[in-house]
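Each chain gets a letter, A, B and so on, in the order the sequences are listed, and its residues count up from 1.
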Amino acid sequence: MLDVKRIRENPDWVRQGLNARGASTDAVDTLLRLDEERRRLLTEVETLKSQRNAASKQIGELKKKGEDTTAAQAAVRDVGEQIAALDVRVRASEEETQRGLLMIPNVPHASVPVGQDDAANPVIAQEGTPREFAFEPRTHIELGEWLGLFDFKRAAKMSGAGFALFTGAGARLQRGLIQYLLDVHTRDHGYTEVWPPALVNAGAMTGTGQLPKMAEDMYRLAADELYLIPTAEVPVTNFYREETIDRALPVLLTAYTPCFRREAGAAGKETRGLIRLHQFDKVELVKFTTPETSYAELETLRADAEDILKRLGLVYRVKALCTGDLSFAAAKCYDLELWAPGHKGWLEVSSCSNFEDFQARRAGIRFRDVEGRLRFVHTLNGSGVALPRLVVAILENGQQADGSVILPPPLVPYMGGVDRLVPRA
RNA sequence: GGAGAGGUGACCGAGUGGCCGAAGGUGCAUGAUUGGAAAUCAUGUGUACCCGCAAGGGUACCGAGGGUUCGAAUCCCUCCCUCUCCGCCA
């Protein structure tokens, strides 16, 4: 969330940000009104509390001297009742202000291109050129079925539409990719590996900004009031929730987790095969940085994710998300998209975002700067990368005329020496 | 799941109704001492919010939330977490 003081002192900054996102600025005006009311009540009740504290102290002293304090106590009790009544209003006002704050999205960074929606996202880089095929390239679904890598029919039987069941070499490829991605990020990019819970509480979800706004998109276990994580960003960013980080910044963490998304409202979009799933696997990168370095760190985070795609020899492009397409908590974001020749399109495999102090303020993650002041860190994260679409690209790009698939060389050791996927005999 | 013991500041630890935002110790910072250090001595050392141009003042916080009281770290209730033992289980 944004700093209420900053909104108070510079409401136009927030209004401009909301405008750029294509969101209404009414929330700012409402919030300013709520904040003013809140402070008025707070000042009032604190004055009364000050009076009560002084009077109570006096009663204590009088009692020690053995004097009668009945009248004084009655008077203070009266003040106490006023305080109790006011406290109720203060709390209501604070809750309302907080609710308002939680619903206001982050303000886009000045470098974010202005635009209405994803059509306005500029492509800022492209690596490699799509391969020319001497035959009509098959989709990952055709390839996977022929090679026995996954079985959507059986997945639907046990779980329903939108779930993947990997089999044989397909299952091994999942395991190998997870290990490969974690190896590269820990060995070559300086990240520390963590293995977090996949179920988190509402506090964690609020800390990273999924709650309260995105409640509809998540699986929730009502009996225990727990949520299935939609991304490792949630548990990993909450690693330091309500803490002052006592390590030198930046802190770099990486984690593999399954990810769970209800994808409510996604019906009708690309739902076949591996492209959009209710459960998928992902290796995530998370950074905690000082405010001064977060934008430089965003560039290296993106480079770390890109490095994976380069090593695997895949064709990809980078988009800078425009103001209108930015997610709720992000101040700036890049998307990495892989070329999928069978699918004849680009598939998003990573979003690399800087949230500035938006998540840190919600989650209470701070550090001590060189002058010893407590400040909120900046948090960043990016996929490094999501597995299913990576598999789509690997299969569709590596396919041969006979339907076999040549694997990228770095994966061969992770596949037990297998360099080409062929149907099981 | 059952029984018991606990949760106090960066850390250890005292504190059973007012003199407690909290003793004492450790750590840390600054100064004195020293050639330099150790030791020693002195001083300082939480966070959030509100009022104020500022200086400064106020409120709250002793796991969380309620309650009793003129007054709660201290008493009562609920919940969470940690530890020990038992049960169960991968």
Side-chain angles (χ1 to χ4, degrees), chain A residues 1-10 31-102 195-207 211 221-227 235 238-249 251 258 288 357-377:
Chain A
M1 73 190 144
L2 301 172
D3 184 358
V4 68
K5 272 186 232 166
R6 191 158 178 197
I7 299 176
R8 195 189 300 153
E9 281 156 18
N10 201 354
L31 193 84
L32 289 174
R33 221 174 36 245
L34 288 171
D35 179 52
E36 206 179 310
E37 168 82 352
R38 179 189 130 253
R39 286 183 295 142
R40 213 201 72 230
L41 289 168
L42 200 58
T43 305
E44 201 178 328
V45 76
E46 285 187 354
T47 307
L48 285 175
K49 283 180 178 175
S50 178
Q51 286 170 16
R52 179 178 67 180
N53 287 347
S56 288
K57 204 168 184 177
Q58 224 168 12
I59 290 171
E61 280 160 18
L62 289 173
K63 279 198 160 179
K64 215 180 291 176
K65 287 188 223 154
E67 291 177 33
D68 178 58
T69 56
T70 339
Q73 285 186 28
V76 180
R77 189 180 301 132
D78 208 56
V79 176
E81 276 158 22
Q82 288 180 56
I83 289 172
L86 259 178
D87 260 340
V88 171
R89 294 175 62 195
V90 169
R91 192 173 321 154
S93 173
E94 277 177 343
E95 276 168 13
E96 213 175 336
T97 308
Q98 187 71 8
R99 262 201 303 280
L101 272 175
L102 287 176
W195 196 293
L199 264 54
V200 299
N201 57 34
M205 283 294 190
T206 307
L211 284 179
L221 304 180
D224 299 288
E225 197 47 38
L226 290 169
Y227 297 81
N238 278 282
F239 190 101
Y240 286 114
R241 185 150 72 100
E242 304 300 333
E243 284 189 43
T244 300
I245 299 180
D246 59 0
R247 293 168 55 185
L249 296 180
V251 170
F288 302 87
D357 63 6
F358 191 84
Q359 292 181 326
R361 178 170 283 108
R362 285 170 165 245
I365 306 170
R366 297 185 295 178
F367 75 107
R368 224 169 259 286
D369 69 11
V370 282
E371 275 121 56
R373 285 174 308 175
L374 280 174
R375 297 168 66 193
F376 289 109
V377 299

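Pairing for B:U26 is with B:A10, a Watson-Crick or G-U wobble pair whose two hydrogen-bonding atom distances lie under 3.5 Å. Shown here, B:C79 forms a base pair with B:G63; the pair counts as Watson-Crick or G-U wobble because both key distances fall under 3.5 Å. B:A90: no Watson-Crick or G-U partner with both key distances under 3.5 Å is found in any strand. Across the strands present, B:U84 finds its partner in B:A3; the criterion is a Watson-Crick or G-U wobble pair with both atom distances under 3.5 angstrom. Partner assigned to B:A55 is none, using Watson-Crick or G-U wobble distances below 3.5 angstrom. When Watson-Crick and G-U wobble pairs are counted only if both distances are under 3.5 Å, B:U40 pairs with B:A32. Under the Watson-Crick or G-U wobble criterion, with both distances below 3.5 Å, B:G17 has no partner in any strand shown. For B:U68, there is no paired nucleotide, since no Watson-Crick or G-U wobble pair has both relevant distances below 3.5 Å.
Of the candidates B:G18, B:C49, B:A48, B:A48 carries the atom nearest the A:R366 side chain, counting heavy atoms from C-beta on. For A:L374, whose side chain is taken as the heavy atoms from C-beta onward, the closest listed nucleotide among B:U47, B:C50, B:C70 is B:U47. Across B:A60, B:G58, B:G18, the shortest atom-to-atom separation from the side chain of A:N53 is found for B:A60. In the set B:U47, B:C49, B:C70, the nucleotide with an atom closest to the side chain of A:K63 is B:C70. Closest to the side chain of A:R91, out of B:G66, B:C70, B:C51, is B:G66. Among the nucleotides B:C70, B:C50, B:G58, the one closest to any side-chain atom of A:L42 is B:C50. Comparing B:A60, B:C51, B:C70 against the side chain of A:R39 picks out B:C51 as the nearest.
Between A:S56 and the phosphate of B:G18, there is no side-chain N or O to OP1/OP2 separation shorter than 4.0 Å. In this model, the phosphate group of B:C50 is approached by a side-chain N or O of A:R38 to a distance below 4.0 Å at OP1 or OP2. The side chain of A:R52 contributes an N or O atom lying less than 4.0 Å from OP1 or OP2 of B:G71. The side chain of A:R8 contributes an N or O atom lying less than 4.0 Å from OP1 or OP2 of B:C50.
Taking 4.5 Å as the limit, every side-chain heavy atom of A:D357 sits out of range of all side-chain heavy atoms of A:V377. Side-chain atoms of A:E94 and A:L42, non-hydrogen and from C-beta on, do get closer than 4.5 Å to each other. Side-chain contact between A:F358 and A:L2 is present, with at least one heavy-atom pair separated by less than 4.5 Å.
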request  = Just do the salt bridge (charged side-chain N to carboxylate O under 4.0 Å, His left out) check on A:D87 and A:R91 with the steps written out, would you?
outcome  = CA-CA 6 Å; A:D87 260 340; A:R91 192 173 321 154; 5.9 Å; no
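Projected onto RNA chain B by closest heavy-atom contact, A:K57 and A:V45 fall at different nucleotides, the more 5' of which corresponds to A:K57. Toward the 5' end of RNA chain B, the nearer of the two residues A:E94 and A:A54, judged by each one's closest nucleotide, is A:E94.
Salt-bridge annotation for A:R40 and A:E37: present, with a side-chain N of the basic residue lying under 4.0 Å from a carboxylate O of the acidic one.
A:E225 and A:Y227 form a side-chain donor-acceptor contact under 3.5 Å, judged by distance and modelled atom types alone.
Put simply, NZ on A:K64 is 14 Å from P on B:G17, counting in whole angstrom units.
Residue contacts shown for A:R375 are absent, as no nucleic acid heavy atom lies under 4.0 Å away.
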